[in-house]
Peer 1: 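Sharing a structure here in structure tokens format.
Letters A, B, ... mirror the listed sequences (proteins, then strands); counts begin at 1.
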There are 2 protein chains.
Amino acid sequence: MQLNELSQRSGVTPASIKYYLREGLLPPGEAVHATRAEYSARHLERLELIQALRQIMGLNIGQIRGLVKMADDGVPRLDLLAAVQRVVLDLGNYTTSIGGEAAEATDAVVRLRGWPDSASDARNALTAHLELMAGLKIPVSETVLDAYSKAMDDVAGLDIAATTAPESTDRLILTAAVGMHMHSQLLLKLLALAQASHAIRRYQR
Amino acid sequence: MQLNELSQRSGVTPASIKYYLREGLLPPGEAVHATRAEYSARHLERLELIQALRQIMGLNIGQIRGLVKMADDGVPRLDLLAAVQRVVLDLGNYTTSIGGEAAEATDAVVRLRGWPDSASDARNALTAHLELMAGLKIPVSETVLDAYSKAMDDVAGLDIAATTAPESTDRLILTAAVGMHMHSQLLLKLLALAQASHAIRRYQR
DNA sequence: AGCCTTAGGATAGAGCCACTATCCATGCGT
DNA sequence: ACGCATGGATAGTGGCTCTATCCTAAGGCT
């Protein structure tokens with residue numbers, strides 16, 4: 001298939017496809033000769049991935065490029081999942097200082113939940129976030145952390161169990177990202193409803 | 001105090017303050033005469049609110065305008081909190097159809113948790129989100145909804161209890177928005193860590 | 001009283017992002 | 001052999017959040 005057909009099948013305009021090619025999100029088609037290139041099902045799949053990451057998750061071009069580069073480089077699955085987490089759950093842009101109360105709180109949570117005691121983006125992000133909250137004078141008691149982490153442990157168990165092995169790396173990213181996003185959003189909607197319910201009970205009388 | 005001092009005390013450049021005035025985020029200062037206006041502590045507080053909503057929460061000007069308009073119009077506290085939720089937890093932009101499986105699932109959750117059975121943005125958002133997930137063929141079992149909602153119910157109870165009564169409407173918005181945001185982000189970080197932990201257990205062997 | 005500074009108002013420009021449109025030489029398909 | 005689509009390059013668009021410039025008017029210091 002060539003550009004026009006790819007465009008029609010994916011619903012992405014040719015101009016945008018060219019843009020994605022330029023930005024390195026979409027690998028170039030196999031050049032039949034100077035002015036003709038052939039695209040495959042892989043390109044279609046990639047375009048679907050790009051569409052989902054842009055429109056559903058709201059990722060920017062740079063973030064998407066990072067993910068698809070990893071896919072093209074064939075990095076291990078766990079690293080890929082970690083990268084997806086980083087952009088979908090917004091774990092990036094954090095600077096963690098070593099030690100400190102926040103780090104201890106994080107360690108305590110990890111021990112309490114029996115999670116593997118290894119460094120990770122998620123762990124750094126958690127520590128950094130606790131530091132941020134401490135800086136903003138928003139207290140996070142051990143009780144709260146305990147309750148939150150228990151809840152998330154339960155949720156994560158269900159999430160991971162529901163993840164099925166995908167047939168291609170692009171599909172892995174797609175299902176993992178969409179799944180993570182949808183589940184975390186679901187959690188936030190439930191939180192909103194729960195908060196609203198508690199607020200009504202508390203204030204409306 | 002006048003423009004320059006307001007700028008220095010808030011850390012916002014005069015040009016940006018003018019922009020906020022133009023956009024109606026900041027009420028005009030009390031005009032001493034044609035070319036001089038006096039700003040008060042309220043303006044400083046408002047600027048801090050705007051800064052936080054922009055930089056920490058990433059709200060856009062339109063969303064902030066909506067919130068501060070409500071504050072200036074003196075709408076009831078519960079409505080204000082609902083509006084804060086809408087922008088902070090991203091409950092807007094949803095179209096819900098009446099009835100359907102998703103609505104039933106939402107009703108079931110509300111009954112199960114003993115939450116007040118009233119319409120709300122949060123409830124609509126939840127229903128719409130469940131519809132979206134169904135459309136994407138991401139199954140959400142009753143078990144999952146039960147576990148998630150229980151977790152969020154516990155969390156919300158702690159959240160609301162931690163909310164202290166603020167002295168001004170701007171402060172109410174600020175503490176509510178920052179608190180909501182920080183707590184929801186904390187949850188997401190914990191979710192990330194929990195997921196990573198489960199994934200390691202599952203895949204790394 | 002006179003002049004320098006600064007406020008406020010209006011308008012235009014900057015910088016970023018994700019496209020989108022135009023232009024051009026090329027060469028396949030009919 | 002010739003029209004039309006292609007790849008490649010480059011420039012433009014529109015939305016958003018500022019930021020900079022200009023201008024007039026007036027306060028206040030001397």
Peer 1: Identify whether the distance between the nearest side-chain nitrogen and carboxylate oxygen of A/Asp73 and A/Lys69 falls below 4.0 Å.
Peer 2: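 Not counted as a salt bridge, because no side-chain N and carboxylate O are separated by less than 4.0 Å.
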Peer 1: Tell me whether the count of non-hydrogen atoms from other residues, nucleotides or ligands lying under 6.0 Å of CD in B/Glu23 goes above 12.
Peer 2: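 Check passes, neighbour count above 12.
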Peer 1: Do A/Glu45 and A/Ser168 pair up side chain to side chain, a donor and an acceptor below 3.5 Å, judged on atom types alone?
Peer 2: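 There is such a pair (donor and acceptor under 3.5 Å, judged by atom type) between the side chains of A/Glu45 and A/Ser168.
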Peer 1: Quick one: A/Leu21 CG to D/dT6 P, roughly how many Å, whole number?
Peer 2: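 Rounded to the whole Å, the gap is 13 Å.
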Peer 1: Any residue in residues 43-51 of chain A with a heavy atom nearer than 4.0 angstrom to DNA chain C? Just list them by number, or reply none.
Peer 2: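 Heavy-atom cutoff 4.0 Å gives no residues at all.
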Peer 1: Does the side chain of A/Ile61 reach to within under 4.5 Å of the side chain of A/Arg54, using non-hydrogen atoms?
Peer 2: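 A/Ile61 reaches A/Arg54 side chain to side chain.
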Peer 1: With the threshold set at 4.0 Å, does a side-chain nitrogen-carboxylate oxygen contact exist between B/Arg36 and B/Glu30?
Peer 2: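 No salt bridge links B/Arg36 with B/Glu30.
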Peer 1: Rounded to the nearest angstrom, tell me the gap between atom CD in A/Glu38 and atom C1' in D/dG7.
Peer 2: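 To the nearest whole Å, that distance equals 14 Å.
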Peer 1: What does nucleotides 11-25 of chain D look like as a protein-contact string, B for base, S for sugar-phosphate only, - for none, at under 4.0 angstrom between heavy atoms?
Peer 2: ------BBB------
Peer 1: May I have the distance from A/Ile17 (atom CD1) to D/dA5 (atom C1'), rounded to whole angstrom?
Peer 2: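 It works out to 14 Å between those atoms.
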Peer 1: Ignoring hydrogens and geometry, is there a side-chain-to-backbone donor-acceptor pair from B/His43 to B/Pro27 under 3.5 Å?
Peer 2: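 Yes, the answer is positive, given that a donor and an acceptor are paired below the 3.5 Å cut-off.
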Peer 1: Between B/Arg123 and B/Asp117, does any NZ, NE, NH1 or NH2 come within less than 4.0 Å of an OD or OE carboxylate oxygen?
Peer 2: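 The answer is yes: the pair qualifies as a salt bridge.
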Peer 1: Does B/Asp79 pair with B/Arg86 as a salt bridge, N-O distance under 4.0 Å?
Peer 2: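 Looking at B/Asp79 and B/Arg86, the cut-off is not met.
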Peer 1: Could you tell me from which nucleotide to which nucleotide of DNA chain C, 5' to 3', there is an atom under 4.0 Å from chain A heavy atoms?
Peer 2: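 So the contact region on DNA chain C extends C/dA18 to C/dC28.
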Peer 1: Could you check whether atom CD of B/Glu38 has more than 12 heavy atoms from other residues, nucleotides or ligands sitting under 6.0 Å from it?
Peer 2: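 Atom CD in B/Glu38 is packed in, count exceeds 12.
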Peer 1: Should B/Asp72 and B/Arg46 count as an ion pair when the cut-off is N to O under 4.0 Å?
Peer 2: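 Looking at B/Arg46 together with B/Asp72, the answer is yes, because their closest N to O distance falls below 4.0 Å.
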